Amino acid sequence: MEVPYNYLPYEFADTDNIFVDWKELINSTDFTLGKYVKNFENKFAKFLGVKHCISTNNGTDAIILALKALGIKKGDEVITVANTFYATVGAIVAVGATPVLVDCDSQFQICVDKIQKAIGPKTKAILPVHWAGSSPNMNLILDICKKNKLFLVEDACMGIGASINKKNAGTFGNVNAFSMHPLKSLNVMGDGGMVVTNNSSLASWMEKYRNHGMIDRDHIEFWGVNMRLQPLQAIVASHRLDALTNTLSRRRHNAKILDEGLKPLVDKGIVALPKRLDGYLETFALYMGLFRKRDKLVQYLENNKIEVKIHYPVPLHLQKAAEKNCVFDKTDLKNVEYQSKHLITIPVHQYLTETQLSYTIDCIIKFYSDD
Ligand SMILES: *Cc1c(COP(=O)(O)O)cnc(C)c1O
């Protein structure tokens with residue numbers, strides 16, 4: 001049996017309805033912004049329960065746009081977590097600011113207790129990540145932001161459809177960013193992203209900045225850039241948004257099967273999974289756990305045709321890039337370092353069968369059977 005990590009061949013096996021809309025778009029030749037982009041933005045804003053949604057090229061640009069809209073610039077510090085994708089930190093550096101990396105907790109999310117210690121006179125914003133499609137305690141982070149007069153920008157790139165007590169990921173902060181990269185919960189056939197906010201003046205600035213600062217064809221208000229979402233992708237995004245509830249409920253179902261199957265190993269202390277907290281809905285963009293003898297298990301699973309990943313083997317603060325323009329406390333990133341040595345991401349996608357899931361569980365249990 002094979003358990004593939006990549007679900008895209010299944011997801012896009014039937015694209016007939018997408019082609020119907022693409023055909024209409026192609027006939028209209030409305031290839032920059034236009035009706036399809038606007039319709040998708042409105043639909044996404046409604047889905048999320050926010051006033052303004054501005055689509056972008058990709059999630060990285062969405063974070064950059066959010067930080068720029070809040071005026072974050074050279075000399076400012078932005079606090080984020082050390083176990084995230086490169087783009088979170090890259091975006092902070094791209095606006096000229098300095099990333100301050102803090103440790104994660106046993107939930108694999110930014111450690112809220114350690115945020116306070118990282119706040120200094122130059123701190124302007126906290127940029128928590130909905131890592132793996134789970135969420136840190138956003139209400140506590142929001143309190144810290146309010147108390148210290150800091151902006152809150154959520155990196156909800158993996159969190160489309162996640163929520164805490166029915167409040168959606170990406171609706172807690174001042175301006176929040178999402179990605180529609182092929183491996184996210186709402187994905188397109190290439191790149192796409194979004195920023196959302198309830199603040200009308202920030203929204204209006206971002207809408208213009210994304211499109212050269214233009215007011216109309218012949219006038220610009222300020223110098224901007226081109227961060228536009230392609231209409232072809234807006235069409236894909238709209239169809240994927242229709243399917244999102246179903247996609248996520250299948251991923252959650254699969255995650256539950258894995259949780260139950262791995263429980264004996266969790267009870268023995270061989271495997272550690274994050275707690276599934278009451279009121280937290282996750283997207284399971286990644287199903288991650290910490291595993292004893294990680295590297296041997298990875299090899300064993302690969303030999304048994306179960307495709308797994310590691311997110312990521314080299315923590316950000318140990319990357320060469322972090323030697324410059326990055327602040328962190330070397331002694332206090334122990335959880336992130338431990339995770340980089342023990343973490344495995346297991347296939348959980350919506351096209352897996354229960355047989356594939358049981359096979360995965362059985363292989364892992366067999367691997368530890370001599371322990
Ligand atoms: C995917 C991702 C990004 C970047 O999104 P792109 O659309 O690939 O640019 C940023 N942050 C996190 C946490 C992500 O998972």
Side-chain angles (χ1 to χ4, degrees), residues 5-8 40 44 53-68 78-95 97 99 101-102 104 107-110 125-136 138 141 152-162 169-170 172-173 175-196 210 225-230 232-234 236-237 240-241 248 251 274 282-288 309-312 314-316 319 321 336 339-340 343 345 348-349:
Y5 189 86
N6 179 9
Y7 52 89
L8 298 173
F40 169 68
F44 190 78
C53 168
I54 295 127
S55 57
T56 58
N57 285 356
N58 57 58
T60 309
D61 272 346
I63 305 170
I64 293 173
L65 186 59
L67 294 172
K68 278 194 97 67
V78 178
I79 295 171
T80 191
V81 67
N83 66 326
T84 178
F85 180 58
Y86 314 125
T88 318
V89 176
I92 297 169
V93 174
V95 302
L101 304 182
V102 305
C104 67
Q107 292 294 106
F108 308 169
Q109 304 298 323
I110 190 167
I126 301 178
L127 175 36
V129 178
H130 294 264
W131 185 234
S134 305
S135 300
M138 290 307 306
I141 296 174
L152 176 56
V153 178
E154 294 172 74
D155 177 343
C157 283
M158 292 197 204
I160 301 179
F172 291 85
V175 188
N176 310 305
F178 299 87
S179 167
M180 298 188 289
H181 176 278
L183 296 178
K184 316 292 181 177
S185 48
L186 194 174
N187 56 351
V188 297
M189 296 185 197
D191 282 306
M194 257 119 33
V195 288
V196 302
R210 169 193 68 169
V225 296
N226 176 356
M227 289 183 173
R228 297 184 299 250
L229 176 69
Q230 306 281 330
L232 284 166
Q233 302 297 3
V236 181
R240 297 310 305 153
L241 184 53
L248 292 183
R251 292 183 86 102
E282 309 181 32
T283 67
F284 291 102
L286 309 173
Y287 182 95
M288 303 191 308
K309 305 276 176 201
I310 298 172
H311 292 88
Y312 288 93
V314 183
L316 294 181
Q319 295 282 352
V336 167
Q339 284 198 2
S340 69
L343 192 126
T345 305
V348 73
H349 64 77

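Only a predicted model underlies this, so the values are computations on that prediction, with no experimental measurement involved. Numbering of ligands and ligand atoms starts at 1, following listing order.
Residues Ile64 and Met227 have side chains in contact (heavy-atom distance under 4.5 Å, counting atoms from C-beta outward). Residues Ile110 and Val129 form no side-chain contact, since every pair of their non-hydrogen atoms from C-beta on lies 4.5 Å or further apart. Taking the side chain as every heavy atom from C-beta outward, Phe40 and Val188 never approach each other to under 4.5 Å.
Checked by distance only, ligand 1 and Trp131 stay at 3.5 Å or farther apart across all their nitrogen or oxygen atoms. Taking only nitrogen or oxygen atoms, main chain and side chain alike, Met158 does not reach within less than 3.5 Å of ligand 1. Of the N or O atoms in Thr60, one or more lie within a sub-3.5 Å distance of an N or O in ligand 1. For ligand 1, the polar-atom distance check against Thr84 finds no nitrogen or oxygen pair separated by under 3.5 Å.
Counting the atoms of ligand 1 from 1 in the order shown, those under 4.0 Å from a heavy atom of Gly59 are 5 (O), 6 (P), 7 (O), 9 (O). The distance from ligand 1 to the heavy atoms of Asn58 drops below 4.0 Å at these ligand atoms: 7 (O), 9 (O). Within ligand 1, the atoms closer than 4.0 Å to a non-hydrogen atom of Val129 are 13 (C), numbered from 1 in the order shown. Here is the list of ligand 1 atoms found below 4.0 Å of a heavy atom in Thr88: 11 (N). Heavy-atom proximity to Ala87, at under 4.0 Å, picks out these atoms of ligand 1: 3 (C), 4 (C), 10 (C).
Looking at Asn176, Ile126, Ile63 one by one, the single match for side chain to side chain contact (heavy atoms under 4.5 Å, CB included) with Glu154 turns out to be Asn176.
Of the listed options Cys157, Ala285, Ala62, Ala91, Cys157 places a heavy atom closest to atom 10 (C) of ligand 1.
Environment of CD in Gln107: crowded, with over 12 heavy atoms of neighbouring residues, nucleotides or ligands closer than 6.0 Å.
A side-chain donor-acceptor contact under 3.5 Å links Asp155 and Thr88.
Scanning the protein heavy atoms around atom 13 (C) of ligand 1, the nearest turns out to be Asp155 OD2, 3.4 Å. With respect to atom 8 (O) of ligand 1, the closest heavy atom belonging to the protein is His181 CD2, 3.8 Å. With hydrogens left out, the protein atom closest to atom 2 (C) of ligand 1 is Lys184 NZ, 2.7 Å, a heavy atom.
The aromatic rings of Phe85 and Tyr312 sit tilted relative to each other, their planes meeting at an angle between 30° and 60°. Aromatic ring orientation, Trp131 versus His311: perpendicular (interplanar angle above 60°, classes split at 30° and 60°).
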